[in-house]
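Whatever order the structure lists them in is the order used to number ligands and atoms, beginning at 1. These figures come from a predicted structure and were not determined experimentally.
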Amino acid sequence: MIETAVIPVAGFGTRMLPISKSIPKELIPLLDKPVIQYVVEEAIAAGIKKIVFVNHAQKTSIENYFDTNAELEAQLEAKGKTALLEAINPFPVDIHFTSVRQAKGQGLGHAVLCAKPVVGSDDFAVLLPDVVINPFKSSLEADNLAAMVKLFNDTAASQILVEAVADKDVSKYGIADIDGELTAGASTSVKGFVEKPDLVDAPSNLAIVGRYVFDNQIFGLLEQVKPDKSGEIQLTDAIDALISQKPVEVHSMVGKSHDNGNKLTYVQTFIEFAKAHPDYKDLV
Ligand code: G1P
C-alpha cells in the first residue's frame, strides 16, 4: 500500500526570481493558498499519510507552514476566530509531515535518495511541486495520482505520469519510449526514457509531468546512478534501470498539468484556477 510521498523542495527556483530570493517558490500563492498546499492536498486525496519534504536550510518556512503555530492558534482562539483556526490547520490529524535536507543541488535523483532514511522499505510516491493539477475542474483530472496509486496497489507496476507536450517543449522533459498509442487514464509498459532530448532524438512527445509511484527498489538503483555531465543524479536513469528488474508503466494523464516553475505559466495557472474556483469564478 502506498502511504508515503516524497516532495523535493530544495531547489532555489531561479526561474521565479526575484520573488524566490526570500520566499520559497513553493509558498507563492495560487489564489488563497500556497502552491505546495495543492500538491499536498492531491497527495492526501490519493491516500498518502506520510509526507517527506526534501528541503534546503534556507527554506525552513515550508516546514513551518506544515507545523503548528501555537502562539497564533492561542490568539485566534482567544478572539473566537474559528474559521481562521480551521484555515491554518487544514490537514487531517493522521497526516504526518517530516523533512530531510538536501545539502547540495545534485539533481532530482539525488533529492529522492535523500529521503531514503525516512521512507525506509515502503514503496512511495514522488510529487514535484512545480506541477499542479487544477482541483476545481473535474474530479477525474484531480485524481490522476489516486488512479496511479490504485494501479500500483493492484498490480505492483511502478507508475510514471506522462502527458503529450508540444514539439517545442520536448527538450524540457523526460520523454517516454512506448509501443503504440496511449489513451488518457490508461497505463502501458514503457521501454525507457530519454531525459531532455533534442526533438530529433525524442522517442515520442509523452513527457514525465512530475508524478511517480515507485517500487522501493528505486532507492538501490539511485545509489548506483553515475552523475551526468552537469554532476546531477538523474531520476530517469534509475527508472531505466528499474524497468529491467520490475514492471514499470507510464500512466497517461486525464486533463492537463500546470507548470508553476516559471513566471508566464504561473500567471496563466493563477488565472485558470481563479476562473474555476467556486468563490471567484463569477467575479473575475
Ligand atoms: C524533472 C525530471 C524530468 C521531468 C520534469 C517534470 O526535470 O528530470 O524528467 O520531465 O522534472 O517537471 P526538471 O524540471 O527538474 O529539470
Side-chain angles (χ1 to χ4, degrees), residues 5-16 20 24-26 35-36 38-39 42-43 53-56 59 102 104-115 125-133 144-145 148 158-178 182 190-199 201-214 218 221-222 225-243 248-253 255-266 268-269:
V6 173
I7 307 186
V9 294
F12 282 129
T14 44
R15 289 179 297 160
M16 291 301 274
S20 51
K25 68 175 192 265
E26 294 80 5
V35 169
I36 187 82
Y38 292 88
V39 178
E42 182 191 337
F53 295 114
V54 181
N55 203 3
H56 183 274
K59 299 177 77 173
Q102 183 187 22
K104 281 188 184 165
Q106 289 175 287
L108 179 58
H110 176 253
V112 172
L113 191 54
C114 289
V126 172
L127 292 88
L128 304 188
D130 277 356
V131 177
V132 285
I133 314 277
N144 281 288
L145 183 69
M148 292 163 67
S158 295
Q159 301 287 324
I160 318 289
L161 188 65
V162 292
E163 179 181 7
V165 295
D167 285 355
K168 68 174 175 43
D169 293 324
V170 155
S171 62
K172 297 178 190 161
Y173 296 95
I175 301 293
D177 186 1
I178 64 163
L182 189 57
V190 57
K191 294 192 280 184
F193 291 93
V194 188
E195 181 67 15
K196 305 197 175 90
D198 289 337
L199 185 58
D201 300 323
S204 73
N205 68 339
L206 291 175
I208 302 177
V209 282
R211 301 291 182 269
Y212 312 76
V213 178
F214 284 128
I218 196 80
L221 297 166
L222 276 168
V225 170
K226 301 264 176 300
D228 67 6
K229 280 178 284 177
S230 54
E232 297 200 343
I233 308 279
Q234 293 297 345
L235 182 56
T236 36
D237 288 345
I239 301 172
D240 276 344
L242 186 65
I243 289 170
V248 179
E249 295 182 341
V250 283
H251 184 76
S252 174
M253 94 166 277
K256 66 184 177 94
S257 66
H258 300 267
D259 175 12
N260 271 315
N262 74 67
K263 290 174 198 169
L264 174 63
T265 52
Y266 165 71
Q268 288 167 334
T269 304

Residues Asp130, Lys25: salt bridge by 4.0 Å N-O rule
yes
Mind checking what makes side-chain contact (heavy atoms from CB on, under 4.5 Å) contact with Asp169, not counting sequence neighbours?
Val165, Ala166, Lys172, Tyr173
How about Val126 and Arg211: do any of their side-chain heavy atoms sit closer than 4.5 Å?
no
If you measure from each non-hydrogen atom of Leu128 to ligand 1, which part falls under 4.0 Å: side chain, backbone, both or neither?
side chain
Looking only at distances, please establish whether an N/O atom of ligand 1 is found under 3.5 Å from an N/O atom of Glu195.
yes
Can you check whether Gly13's main-chain N or O pairs, donor with acceptor, with Ser20's side chain at less than 3.5 Å?
yes
Heavy-atom neighbours of Lys104 NZ exceed 12 at 6.0 Å:
no
Close-contact set for ligand 1 against Lys196 heavy atoms, below 4.0 Å
7 (O), 8 (O), 13 (P), 16 (O)
Atom indices of ligand 1 within 4.0 angstrom of Gly174 heavy atoms, with elements:
3 (C), 4 (C), 9 (O), 10 (O)
Nearest non-hydrogen protein atom, atom 1 (C) of ligand 1
Leu108 CD2, 3.9 Å
Could any protein non-hydrogen atom be found less than 4.0 Å from atom 9 (O) of ligand 1?
yes
Under 4.0 Å and counting heavy atoms only, is there anything from the protein next to atom 14 (O) of ligand 1?
no
For atom 6 (C) of ligand 1, what is the nearest protein heavy atom, given as residue, atom name and distance?
Ile208 O, 3.4 Å
Kindly confirm or rule out an N or O of Thr236 lying under 3.5 angstrom from an N or O of ligand 1.
no
If you take the centroid of each ring, where Trp contributes its six-membered ring, are Tyr266 and His258 closer together than 6.0 Å?
no
State, yes or no, whether a side-chain contact exists between Ile175 and Phe193 at a heavy-atom distance under 4.5 Å.
no
